[in-house]
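One structure below.
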Amino acid sequence: MSKIALSLLLFIAAGTVSAQTIKIGELNSYKVFPAFLEPYKKGWELAVEEINRAGGINGRKIEVVSRDDGGNPGDAVRVAEELISRENVALLTGTFASNVGLAVSNLAAQRKIAFIAAEPLTDKIVWENGNRYTFRLRASTYMQTAMLIPEAVKLKKVRWAIVYPNYEYGQSATASFKKLMTQAQPGVQFVGEQAPPLGKIDAGAVVQALIDAKPEAIFSSLFATDLQKFVREGNLRGLFKNTVVFNLLGGEPEYLDPLKDETPEGWWVTGYPWNEIKTPAHQKFLDAYRKRWNDYPRLGSVVGYTAMYSAANALRKAGGTDTEKLIAALKGLEMDTPFGPIVYRALDHQSTMGAYVGQLARKGGKGVMVNWRFADGANFLPSFEEVRVLRKD
Amino acid sequence: MSSSSVLIQFLNGLAGASSLFMVAAGLSLIFGVTRVVNFAHGSLYMLGMYLAVWLAERVGFWAAVPLAAVAVGVIGALAEISVLRRIYKAPELLQLLATFALLLLIKDFALWAWGPEDMLGPRAPGFTGAVEIAGGAFPQYDLLLIILGPVVLGFLYLVLKKTRWGILVRAATEDREMAGALGVNQRWLFTGVFALGALLAGLGGALQIPREPASLNIDLSVISDAFVVVVIGGLGSIPGAFLAALLIAEAKAFCIGLGYSQATLVIEFVIMAAVLVVRPWGLLGRMPVLARPGTAEPPFARPSLRLRWTLAIVAAALALLPVVSGGYTLVLLTDMLIFALFAASLHFIMGPGGMYSFGHAAYFGLGAYAAGMLVLREKFPMELALALAPFAAGFAALVFGWFCVRLSGVYSAMLTLAFAQIAWSAVFQWDALTGGSNGMVGVWPAPWLSSKPAYYFLTLLVCASGIIFLWRMIYSPFGHALRAARDSPLRAEASGIDVRATQWEAFAIAGLAAGVAGALYAFSKGSISPEALGIQRSVDGLVMVMLGGIQTLSGPVWGAALFTWLQDAAARNVDYWRAATGIVILALVLVLPRGVGSLLQARQ
């Protein structure tokens with residue numbers, strides 16, 4: 001009799017638990033980088049709807065508590081604290097700028113909660129400042145730079161000029177580019193370096209200074225407003241006539257679309273040719289996204305969508321919300337994404353999500369990517385030994 | 001650099017100067033007459049850009065430019081009539097708070113109306129190509145800009161010198177009260193000036209669209225440039241603004257041309273600091289007319305019984321709070337307490353001291369960075385780092401303050417801003433020492449302080465002691481000397497008070513207190529990055545002080561709590577939380593122009 005009562009009790013308890021939703025904490029700088037993050041938000045919202053329609057995780061629906069982190073580390077840490085202690089979220093995901101990502105990652109280690117850094121590109125978040133609670137989805141600055149190296153080497157150009165936004169992303173892209181180029185093509189020369197402040201490039205003067213350096217090729221990590229100004233002035237002043245340009249992130253719809261009929265032809269870029277990828281995995285995502293939002297996806301959409309699926313898959317694999325189990329689940333987590341299968345490397349918690357490398361062209365007054373190929377992130381990471389030296393844990 | 005590239009970089013500088021001049025001229029004009037530091041000037045410029053891009057698709061570029069400029073002029077006039085006109089009599093700088101609210105509103109309006117993506121405008125028909133100059137290609141449109149700058153300068157010169165309206169504007173710039181006494185209708189004069197200034201900002205923005213996409217971040221980057229130009233040129237001086245724009249744009253072009261592009265981060269602020277140290281009223285500015293007797297504020301009332309009781313109850317409630325509530329409430333309150341100390345330290349020099357600081361975040365940030373460096377690089381125990389770090393901030397305040405107390409009013413405020421920006425760029429650039437743009441992570445409190453209630457109690461104890469110390473000082477002989485130096489420097493000097501030394505000391509104490517807040521902040525967040533000493537943080541401090549009431553004792557503390565809570569609550573519950581914050585600030589400005597702290601003030 002008591003056994004029946006006990007099992008009844010257990011059954012009721014289990015019932016109430018399974019009816020509860022699993023809370024996922026999401027924070028991002030929605031008002032500071034809206035061009036990238038509005039599509040990002042649509043991406044993860046779509047993922048949440050799909051996951052819950054398919055029955056949730058082990059019968060429990062997921063609920064995302066989303067917050068604006070104000071775009072600075074201080075506010076982001078406060079917001080994350082709120083998600084952890086008031087909302088009791090199972091894990092954290094999100095962030096865009098590197099400094100915010102690093103601050104939240106550090107908090108995650110302090111408060112012992114898993115954190116999937118979706119957007120930040122900084123190499124440090126998985127290497128120098130990596131910790132066991134933090135996992136990163138996107139292909140990092142180093143990986144995306146490395147993806148451009150094979151094409152850059154093929155050209156056999158000796159005189160390279162470099163232009164980059166003056167903060168960590170641009171600085172580390174430049175450092176990686178110089179290091180990798182010097183290894184791959186001994187004798188390469190770096191003849192000019194321009195580091196305008198982020199968002200405040202004095203494009204005319206920068207273009208003229210680059211012309212004066214007489215480079216054969218240019219490596220740029222400019223994006224957004226800076227990229228648009230640089231392209232317009234460079235076109236006008238004839239900088240690109242005899243110079244090949246490699247531009248990190250230049251093919252991402254967020255930054256490519258505003259260029260319209262001024263898109264410079266022949267540039268090598270990393271990006272996302274959303275209307276040309278025909279793999280079944282991507283087609284499924286594309287159809288669902290267009291149906292839900294009546295708009296085409298940007299790269300941010302893919303990142304948001306995949307970040308949320310990463311969280312869901314980790315929760316499913318862990319069989320609960322226990323942080324230690326989540327970390328164990330995320331280490332080596334293999335999953336499918338619109339870009340194909342990825343794995344979160346157990347060693348440094350970096351996912352092997354890749355990017356598309358190709359050339360810019362104009363088609364019907366719009367910028368597109370041509371001659372593109374998919375670069376699997378797994379092929380563009382340093383060796384385990386190198387990573388072990390960088391990571392201190 | 002070859003001679004041809006020298007020429008082209010010179011022309012680049014000229015084109016840049018023209019754009020800079022147009023936005024700065026409007027700001028200078030507005031300040032000269034109305035004494036309003038218009039924080040929303042960059043937003044008006046941004047509005048000009050968006051309107052011009054939007055209109056250019058419909059009516060063509062050349063019609064869009066004047067239309068956008070006029071539209072922005074009308075918007076400026078409306079803002080003046082509906083908001084600013086009501087608060088000219090309020091304490092100084094309250095207008096700054098109102099224009100800050102406008103900035104928030106315009107930003108969210110632009111996001112709502114035109115979406116998040118950058119909008120690249122069309123090129124100007126007839127000026128789409130480049131001409132060959134000295135073997136290089138130079139855009140035709142930039143040549144047009146080079147001509148347009150001086151044309152606008154000439155036009156303004158004629159309007160101000162040759163028209164009756166211009167004469168009245170100049171009279172009001174010279175001496176507002178006297179112009180009013182002679183029967184000049186100031187209301188419409190102010191509206192007119194504000195509209196013209198806004199129109200110039202709109203024109204500057206609209207003319208920029210062939211060179212730059214309209215984007216949501218342009219407002220803040222333009223406003224700081226425009227401030228710098230106006231101050232270097234001399235507040236209210238239009239030719240000065242032109243000269244300063246030229247100086248800055250050429251300096252930037254040649255920094256880039258010579259391969260020192262990193263320097264463009266800070267060059268304008270270095271120039272501003274240098275100019276202000278040598279010529280305290282800018283290149284072509286004149287010494288401002290001394291404030292007339294009778295404009296001085298009455299002394300701070302002794303805390304009323306009601307205020308004492310309120311403070312005692314609040315302190316007791318805060319001390320008991322961890323018993324009933326843990327978690328996030330403590331995190332939010334920790335932030336509020338830290339900012340309360342920060343605001344109180346700023347208030348200490350602004351209220352009783354009468355010295356405006358637009359760069360107070362420098363001391364907050366340096367305190368935080370010093371704490372981070374001591375713990376991470378020198379491996380100091382956290383308690384010791386917390387105790388020592390504020391002295392770094394105090395030392396910086398001592399150095400910067402020595403220069404700042406030699407100036408007065410807005411010039412002094414702008415010099416504080418220049419020093420703050422120089423400190424910011426040093427922190428931003430000095431990768432090896434400060435971690436560069438990423439900052440430093442892993443700045444956590446010692447284990448016995450790391451629980452939320454423990455750290456909260458520490459913050460409560462330190463901040464409350466700091467605030468009480470500052471408040472007591474206001475009523476001490478030193479505080480009275482400081483107030484005398486503010487209200488009547490000459491009489492204070494005559495009665496044996498060393499005005500500069502007193503102000504300098506106050507500046508250093510305020511810096512030290514801000515450093516305490518900064519160090520606490522670093523340990524509460526576990527990380528520290530350059531935003532901690534950026535312009536935004538300084539502006540936040542000003543907003544807290546003004547919201548609370550600059551001429552009240554406890555106002556800044558309430559202001560800090562209110563602003564922190566407002567941002568937190570609005571960001572959580574409203575999509576357009578910046579606009580919501582802006583509306584609340586505007587409402588408070590209009591209803592409680594003396595700040596929320598005035599509710600607790602003793603009746604006089």
Side-chain angles (χ1 to χ4, degrees), chain A residues 31-38 67-68 70 72-75 77-79 81-82 85-86 98-99 102-103 105-107 110 122 124 129 166-169 171 192-197 199-200 202-206 208-209 211-212 224-225 228-229 232-233 236-238 254 257-260 262, chain B residues 1-2 5 8-9 12-13 15-16 111 116-120 129-130 136-139 142 211-213 215-217 221 252-253 256-257 259 261-262 264-265 326-328 331-332 335 428 431 436-439 441-442 444 450 452 521 525-529 531-532 536 567-568 571-572 577-578:
Chain A
K31 283 291 152 110
V32 183
F33 304 102
F36 206 97
L37 292 173
E38 287 195 359
R67 297 277 185 263
D68 194 311
N72 73 75
D75 288 348
V77 165
R78 192 186 68 230
V79 166
E81 292 263 25
E82 193 242 348
S85 53
R86 185 187 281 174
S98 297
N99 54 353
L102 284 168
S105 143
N106 196 247
L107 178 83
Q110 181 78 2
T122 179
K124 295 200 171 96
N129 295 109
N166 187 13
Y167 76 111
E168 203 259 353
Y169 151 75
Q171 290 156 358
E193 224 175 281
Q194 289 290 329
K200 295 188 80 171
D202 209 333
V206 166
Q208 182 58 38
I211 290 173
D212 290 342
T225 322
Q228 295 166 41
K229 286 164 81 173
R232 193 166 259 196
E233 287 291 333
L236 263 178
R237 294 172 191 241
E254 287 86 340
D257 291 353
L259 293 174
K260 293 187 195 129
E262 287 172 56
Chain B
M1 282 174 88
S2 67
S5 58
I8 291 185
Q9 289 297 18
N12 283 335
L111 176 63
E117 261 180 38
D118 293 352
M119 284 171 52
L120 191 57
F138 191 77
D142 287 21
R211 285 157 50 94
E212 190 171 354
S215 71
L216 292 166
N217 297 324
S221 80
K252 280 192 174 177
I256 293 166
S261 56
Q262 272 107 336
T264 52
L265 205 59
Y328 183 62
V331 173
L332 187 61
D335 266 20
F428 191 88
D431 230 358
S437 58
N438 275 346
V441 294
W444 292 106
S450 67
K452 280 182 198 135
Y521 184 74
K525 301 295 177 188
S527 60
I528 180 77
S529 82
E531 284 93 342
Q536 187 65 49
Q567 281 195 322
D568 181 70
R572 189 162 46 239
W577 58 269
R578 278 190 304 227

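Proteins come first, then strands; the chains are lettered A, B, ... in the order of their sequence lines, and each starts at number 1. Treat the numbers as computed from the prediction; the structure is a model and nothing was measured.
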Side chain to side chain contact (heavy atoms under 4.5 Å, CB included) for B/Gln567 and A/Asp68? Distances and angles first, verdict last. CA-CA 11 Å; B/Gln567 281 195 322; A/Asp68 194 311; over 6 Å; no
Review point. Between A/Asp75 and B/Lys525, does at least one N-O distance fall below 4.0 Å, as a salt bridge requires?
Key: no
Basic-acidic side-chain contact under 4.0 Å: B/Asp335, A/Arg78
yes
Could you look at [X] and say if it's the side chain, the backbone, both or neither that has a heavy atom under 4.5 Å from chain B?
| X | result |
| --- | --- |
| A/Val32 | backbone |
| A/Asp202 | both |
| A/Lys200 | side chain |
| A/Glu193 | backbone |
| A/Thr122 | side chain |

[X] side, atom [atom1]; [Y] side, atom [atom2] - distance, nearest 0.5 Å:
| X | Y | atom1 | atom2 | value |
| --- | --- | --- | --- | --- |
| A/Asn99 | B/Ser437 | CG | OG | 6.5 Å |
| A/Gln228 | B/Met119 | CD | CE | 11.0 Å |
| A/Asn166 | B/Phe428 | CG | CZ | 6.0 Å |
| B/Gln9 | A/Gln208 | CD | CD | 5.5 Å |
| A/Arg232 | B/Arg211 | CZ | CZ | 11.0 Å |
| B/Tyr328 | A/Glu82 | OH | CD | 5.0 Å |

>> Contact between B/Lys452 and A/Ser85 at the side-chain level, heavy atoms closer than 4.5 Å - yes or no?
In response: yes
Test item: A/Gln171 and B/Asp431 side chains (from C-beta on) under 4.5 Å apart, heavy atoms:
yes
Contact summary for [X] and [Y], nearest pair of heavy atoms:
| X | Y | result |
| --- | --- | --- |
| A/Asn129 | B/Val441 | ND2-CG2, 3.5 Å |
| A/Ala103 | B/Ser527 | CB-OG, 3.2 Å |
| B/Gly129 | A/Leu236 | O-CD2, 3.5 Å |

Top residue by heavy-atom pair count (under 4.5 Å) with chain A, among [options]?
| options | value |
| --- | --- |
| B/Leu120, B/Leu111, B/Asp568 | B/Leu120 |
| B/Pro213, B/Gly526, B/Ala571 | B/Pro213 |
| B/Gly439, B/Ser261, B/Ala137, B/Ser450 | B/Ser261 |
| B/Ala253, B/Pro116, B/Gly136 | B/Pro116 |
| B/Glu212, B/Lys252, B/Glu117 | B/Glu212 |
| B/Ala130, B/Ala532, B/Ser221 | B/Ser221 |

For chain B, which candidate among [options] shows the most heavy-atom pairs at distances under 4.5 Å?
| options | answer |
| --- | --- |
| A/Ala209, A/Ser98, A/Ala195 | A/Ala195 |
| A/Gln110, A/Glu81, A/Glu38 | A/Gln110 |
| A/Thr225, A/Asp257, A/Leu107 | A/Thr225 |

Can you tell which part of [X] gets under 4.5 Å to a heavy atom of chain A, answering side chain, backbone, both or neither?
| X | result |
| --- | --- |
| B/Glu531 | side chain |
| B/Asn217 | side chain |
| B/Thr264 | both |
| B/Asn438 | both |
| B/Asp142 | side chain |
| B/Leu216 | side chain |

field: Main-chain N/O of B/Gly442 paired with A/Asn106 side-chain donor or acceptor, under 3.5 Å
entry: yes
